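This structure is a prediction, so every number in the text was calculated from the model and none was measured.
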Amino acid sequence: MTQAFQSPGFAALAAGRAVETRLVEERWQAVAWDLGTDRRRVVTDRPGGVHLSEIEPDGDAIWWFDADSDERGRWRREPFAGGPAGEALRGVPPGRPYGVAFDRTGALAAVALGVDGASHCYVGPPAGEARLVGSAPGYLSLADLSPDGRLLALGGRPDGEDAVLLWPTDGRADGRVYGRAGARADGPVLLAGGGGLRLWPIEFNPLAVLGPELLLVVEEDERYTVATWRADTGLRGYPGLSFDAQISAGWYRGPRGVLIQHERAGRSRLLLADLDPSPVVRELGTPGGTIHDLSCAPDGTLHCVWSRESTPPRPLVLRPETAAAAGPEAAGAEHPEPGHPEPEHPDPDHPGLDLDGTSRGRRWTPRPYGRIHSFVSTPPGRGPWPTLFLVHGGPATHDRDSYDPRVNILVGHGYAVVRTNYRGSTGYGARWQHEYDHRVGLAQIEDLAAVRAELVADGTALAERTGLCGFSWGGYLTLLAMGAQPELWSLGMAAQPIADYPATYRGTTPALRELDWQLFGGSPDEVPERYRAADPRSYVHRVRSPVLLVVSRDDERCPPEQVARYAADLRRLAVPHELLRVDGGHYSRRTADHRSVLAAMVRFAGQAWPAPPHRPPRGDRSGGPTEPMEGGEQP
């Protein structure tokens with residue numbers, strides 16, 4: 001069994017039981033973990049793996065989402081100690097998983113599913129018959145079920161009328177738009193965003209004594225603030241827990257304790273706060289890098305998955321009562337760089353060397369609208385090097401000071417690798433994420449071009465060999481830049497990309513349609529000029545360098561048909577390209593699938609940029625066969 005890189009889920013009422021989603025023979029599977037004996041039992045054996053698992057509060061059973069590569073499926077349930085598996089809730093149709101939650105005792109469970117373009121919430125006893133609580137068009141995520149089982153918290157569009165919905169489980173949530181319902185506790189309650197206000201529901205307080213109390217994160221005035229909602233007090237923010245970049249939060253022990261994870265400039269820090277009478281904050285002593293995942297055991301121990309650029313992900317167990325504190329000023333202070341211990345490199349922007357001579361550094365590229373942050377890794381020796389920009393997806397995510405095996409493999413093949421947090425990325429404040437006037441894609445590739453120019457000027461990047469490599473939305477930016485900036489990029493490799501934005505909008509999932517509506521400020525019918533400006537097919541006639549396209553037959557997020565049309569455009573224009581078809585949906589749960597795609601990219605880059613004859617090979621060149629590039633498709 002291979003070490004997992006996800007934190008466990010603990011049974012709240014059974015301290016010795018947990019569930020993990022672990023790699024088992026290169027597939028993610030649900031695993032029951034008996035902490036008392038430290039024995040693990042593999043629960044699932046799905047050929048395509050599983051990506052969601054939960055444990056009931058009393059530890060009696062494990063839940064996992066049983067889906068095919070199209071991401072549709074059902075929640076299934078199996079006793080913790082083993083036995084026959086069955087439906088977790090009977091009478092629930094198959095759909096996309098939008099959330100699962102339990103009440104305090106585990107006697108009642110709730111699930112949200114996406115079915116036929118709408119969100120449906122069901123409740124019922126585990127393994128029992130479920131009933132429909134409410135439905136609404138589009139995408140709603142289930143945040144939590146109140147400890148008494150009477151109220152569901154759901155999240156809609158953070159800046160929309162349905163930012164937070166609170167539905168009673170007695171059936172009065174019929175999916176209508178209720179408007180701002182104030183402090184009503186006996187019927188549906190809606191908390192609206194808009195006007196610069198964004199809201200995200202997190203979870204109910206498991207120890208609340210005055211009725212359900214919901215924890216939220218509020219974005220307003222370029223700050224991210226911890227807030228609570230109760231029926232008697234309404235929405236209440238805590239200015240002492242306000243931050244300049246994205247946070248996540250959760251209730252932590254005690255009736256008023258909150259654990260906060262602050263993400264800034266590609267690094268994580270953890271803080272503990274007591275809300276009453278006024279927030280008192282202390283920072284936990286964690287090493288510099290990234291906290292990828294985090295969960296809390298019943299005894300208060302924090303189980304993290306941590307890594308940094310030079311260190312693969314590994315478990316990190318924290319006991320907050322003994323962790324170093326940063327003082328009560330930790331939350332409100334502005335940190336140019338989060339204040340983590342840095343034993344290897346005291347200056348976080350100063351390049352460090354790995355044992356194999358790989359150089360890793362952080363770079364800030366000044367622009368009139370702000371500084372663009374990048375992580376740059378280079379091979380041993382002196383540049384300039386052929387350079388690949390490994391473009392992150394999202395766009396609402398960011399590259400981190402964290403281990404990425406793709407970087408190591410590409411650097412090992414002689415490429416400098418650049419990971420840039422362009423506008424739209426999280427971790428740099430609200431303005432960096434939102435303020436680019438709906439210039440979707442265009443603002444982002446401007447940032448990539450600015451970083452490229454700096455790297456060429458300082459001798460890092462070889463001007464005639466700079467390329468782009470991206471997955472999902474990163475693949476979209478790759479294709480857009482290849483056409484909109486053809487003079488800059490001599491190679492593009494895009495996996496599961498958006499190649500035809502209007503077509504993708506109409507064919508993708510409701511959750512991603514909602515995201516695109518926010519990015520563009522409307523649909524292709526409402527703002528067609530914005531979609532035309534952002535569409536890679538608008539610029540395909542300008543592409544002049546080799547392009548690799550990777551598509552999945554079962555991808556419902558970025559449908560393969562629209563990528564095939566882009567490939568047909570390239571073929572008609574006689575642009576060197578390759579269309580590689582793979583299995584596994586948009587995000588395969590099999591590590592072999594990811595390796596094969598990366599091997600194809602290494603092969604393709606080697607064909608587009610042949611190594612000079614005098615350069616000796618370094619390490620294992622497992623890039624696959626070296627077939628000539630042509631305009632055909634690979635099976």
Side-chain angles (χ1 to χ4, degrees), residues 139 141 157-160 198 200 219 222 224 245-248 263-266 290 365 367 369-375 389-400 402 404 406 418-452 468-485 492-502 504-505 508-524 527 530-531 533-536 555 557-558 562 586-587:
Y139 172 71
S141 62
R157 199 173 77 227
D159 61 349
R198 293 178 172 87
W200 292 270
E219 178 194 324
E222 300 184 29
Y224 299 84
Q246 278 75 11
I247 61 172
S248 55
E263 297 289 332
R264 195 181 195 286
T290 294
T365 304
R367 303 298 291 166
Y369 46 82
R371 297 190 304 159
I372 309 167
H373 186 207
S374 302
F375 295 90
F389 280 68
L390 186 56
V391 188
H392 75 71
T397 184
H398 61 276
D399 278 317
R400 299 165 166 86
S402 64
D404 188 333
R406 299 173 302 177
V418 185
R419 298 180 297 147
T420 293
N421 284 323
Y422 47 72
R423 279 173 287 175
S425 302
T426 53
Y428 300 85
R431 179 174 296 180
W432 189 257
Q433 186 178 353
H434 303 303
E435 292 188 6
Y436 47 90
D437 298 327
H438 296 296
R439 296 181 61 249
V440 179
L442 300 176
Q444 287 73 40
I445 64 173
E446 285 175 0
D447 294 347
L448 297 174
V451 177
R452 176 197 178 276
L468 299 157
C469 173
F471 297 74
S472 191
W473 213 75
Y476 154 67
L477 292 180
T478 295
L479 297 185
L480 181 65
M482 292 297 292
Q485 302 165 333
M493 300 184 289
Q496 287 89 24
I498 298 168
D500 181 333
Y501 223 128
T504 301
Y505 180 92
T508 192
T509 65
L512 292 182
R513 258 196 307 276
E514 188 65 46
L515 173 62
D516 288 337
W517 198 99
Q518 295 176 56
L519 288 173
F520 287 91
S523 69
V527 287
R530 293 178 182 172
Y531 281 84
D535 186 5
D555 190 344
R557 301 190 183 200
C558 297
Q562 46 96 28
H586 192 70
Y587 294 115

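Remark: the backbone N or O of Thr365 is not paired with any side-chain donor or acceptor of Arg371 at under 3.5 angstrom. A donor-acceptor distance shorter than 3.5 angstrom exists from the side chain of Tyr422 to the backbone of His392, with no hydrogens or angles considered. In terms of modelled atom types and a separation under 3.5 Å, the side chain of Gln485 and the main chain of Leu448 share no donor-acceptor contact.
Aromatic ring centres of Tyr436 and His434 lie farther apart than the 6.0 Å criterion allows.
Residues Phe389 and Cys469 fail the side-chain proximity criterion, which asks for heavy atoms closer than 4.5 Å. Contact check for Ile372 versus Thr420: side-chain heavy atoms found under the 4.5 Å cut-off. Side-chain contact between Arg157 and Tyr139 is absent, with no heavy-atom pair separated by less than 4.5 Å. Contact check for Ser425 versus Asp399: no side-chain heavy atoms found under the 4.5 Å cut-off. Using a 4.5 Å cut-off on side-chain heavy atoms (C-beta onward), Gln496 and Trp473 make no contact. Within the 4.5 Å cutoff, side-chain heavy atoms of Asp535 are placed close to those of Asp500.
To the nearest 0.5 angstrom, Met482 atom CE is 13.0 Å from Leu477 atom CG. Residue Thr478 holds its OG1 atom at 5.0 Å from CG of Leu468, rounded to the nearest 0.5 Å. Distance CG/Leu390 to CE/Met493: 9.0 Å, rounded to 0.5 Å. Annotation: the span from Thr509 atom OG1 to Glu514 atom CD amounts to 10.5 Å, rounded to 0.5 Å.
For the residue pair Pro536 and Leu479, the shortest heavy atom distance occurs at CB-CB, 4.0 Å. Taking both residues in full, the closest heavy atoms of Leu480 and Ala533 are given as CD1-O, 4.4 Å, listed atom of the first, atom of the second, then distance. The two residues Gln444 and Val440 have their closest heavy-atom pair at OE1-C, 3.7 Å. When all heavy atoms are compared, the tightest approach of Gly429 to Ala245 is N-CB, 4.0 Å. Among all heavy-atom pairs drawn from Pro497 and Tyr476, the shortest one is CB-N, 3.8 Å. Here the closest heavy-atom approach between residue Gly475 and residue Ala494 is recorded as O-CB, 3.5 Å.
Applying the side chain to side chain contact (heavy atoms under 4.5 Å, CB included) test to Thr508 and every residue at least two apart in sequence or in another chain returns Thr504, Leu512, Arg513, Arg557. Residues forming a side chain to side chain contact (heavy atoms under 4.5 Å, CB included) with Gln433 (at least two apart in sequence, or on another chain): Tyr224, Gln246, Ala396, Thr426. By the side chain to side chain contact (heavy atoms under 4.5 Å, CB included) test, Pro158 pairs with Arg198, Trp200, Gln518, sequence neighbours left out.
Side chains of Tyr501 and Asp516: a donor on one and an acceptor on the other come within 3.5 Å. A side-chain N or O of His373 and one of Tyr428 form a donor-acceptor pair less than 3.5 Å apart.
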Run the side chain to side chain contact (heavy atoms under 4.5 Å, CB included) check on Glu263 and Arg400 step by step: do they pass?
CA-CA 9 Å; Glu263 297 289 332; Arg400 299 165 166 86; 4.1 Å; yes

Run Arg530 and Arg439 through side chain to side chain contact (heavy atoms under 4.5 Å, CB included) and show every step you take.
CA-CA 7 Å; Arg530 293 178 182 172; Arg439 296 181 61 249; over 6 Å; no

Please lay out, stage by stage, how Phe520 and Tyr505 fare under the test side chain to side chain contact (heavy atoms under 4.5 Å, CB included).
CA-CA 11 Å; Phe520 287 91; Tyr505 180 92; over 6 Å; no

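A cation-pi arrangement, defined by a distance under 6.0 Å to the six-membered ring centre and an angle within 45 degrees of its axis, is present between Arg419 and Phe375.
Checked for salt-bridge contact, Arg423 and Glu446 meet the test: a charged N lies under 4.0 Å from a carboxylate O.
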